[in-house]
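What's counted below: heavy atoms across the whole structure, side chains too, no hydrogens, waters or symmetry copies. Counting starts at 1 for both ligands and their atoms, in listed order.
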Amino acid sequence: MKKIEAIIREEKLQEVRVALEEAGFIGMTVFDVKGRGAQGGISLQWRVGDYRIDLLPKKMIMLVVKDQDYPKVVDVICKVSKTGAAGDGKIFVSTIDEVIRVRTEESGEPAL
Ligand SMILES: Nc1ncnc2c1ncn2[C@@H]1O[C@H](COP(=O)(O)OP(=O)(O)OP(=O)(O)O)[C@@H](O)[C@H]1O
Ligand SMILES: [Mg+2]
């Protein structure tokens, strides 16, 4: 199984959520996060001088899916989230050892 942690623009969350549902990916966890990428936030010019916003608000979607499904999930998220401008987001993929559905105590892929 693979865990996908996608950090995206806040305003893209709803569209990504719907596109994932349409592609058959229902289970997910969404977090409010703050972060910075390679540019380290943004600078604003105020009358009082330069003001640096270091950590920008973003949304993070976390899903655990079958190994063979993760390229599809990545593709859906990229297609919807990409504007072409800096700050479009980043996707981390890692391997998950185990999942347990509490109600039935099923484990592994059937528990996803
Ligand atoms: N190396 C990293 N480790 C952990 N989180 C990261 C990393 N890079 C980016 N993030 C997270 O992803 C969010 C979006 O990053 P962002 O899209 O700005 O990446 P980038 O590498 O700067 O690409 P771009 O040049 O398109 O802006 C950040 O706000 C932060 O939350
Ligand atoms: Mg950036």
(request) For Asp88, take its heavy atoms, then give the atoms of ligand 1 lying under 4.0 Å from any of them. (result) 17 (O)
(message) Students should be able to answer this: which protein heavy-atom is nearest to atom 2 (C) of ligand 1, and at what distance?
(response) Phe92 CZ, 3.8 Å
(request) Please could you name the atoms of ligand 1 that Ala38 approaches to less than 4.0 Å, counting only its heavy atoms? (result) 20 (P), 21 (O), 22 (O)
(request) Would you check whether Val33 reaches within less than 4.0 Å of ligand 1, judged by its heavy atoms? (result) no
(request) Find all atoms of ligand 1 within a distance of less than 4.0 Å from any non-hydrogen atom belonging to Lys58, and give their numbers and elements. (result) 29 (O)
(request) Mark whether atom 23 (O) of ligand 1 lies under 4.0 angstrom from at least one protein heavy atom. (result) no
(message) Within ligand 1, which atoms have a heavy atom of Ala86 less than 4.0 Å away?
(response) 24 (P), 26 (O), 27 (O)
(message) I need the nearest protein heavy-atom contact for atom 13 (C) of ligand 1: residue, atom name and distance, please.
(response) Ile7 CG2, 3.5 Å
(message) Just to be sure I'm reading this right: ignoring hydrogens, which of Gly37, Ala6, Gly87 gets closest to atom 27 (O) of ligand 1? Compare them by their nearest heavy atoms.
(response) Gly87
(message) Checking Thr95 against Lys3: is there a side-chain donor and acceptor pair closer than 3.5 Å?
(response) no
(message) Ignoring hydrogens and geometry beyond distance, is a side-chain donor-acceptor pair present between Thr83 and Asp88 at under 3.5 Å?
(response) yes
(request) List the closest protein heavy-atom neighbour of atom 8 (N) of ligand 1: residue, atom name, distance to the nearest 0.1 Å. (result) Lys90 NZ, 3.1 Å
(message) Using a 6.0 Å cut-off, check whether atom NZ of Lys72 has over 12 heavy atoms from anything other than its own residue.
(response) no
(request) Kindly check if the number of other-residue, nucleotide or ligand heavy atoms within 6.0 Å of CZ (Arg101) is above 12? (result) yes
(message) How about CD on Glu98, more than 12 heavy atoms from neighbouring residues, nucleotides or ligands closer than 6.0 Å, or not?
(response) yes
(message) For residues Met1 and Val65: do they belong to one hydrophobic cluster (side chain heavy atoms under 4.5 Å, members Ile, Leu, Val, Met, Phe, Trp, Tyr)?
(response) no
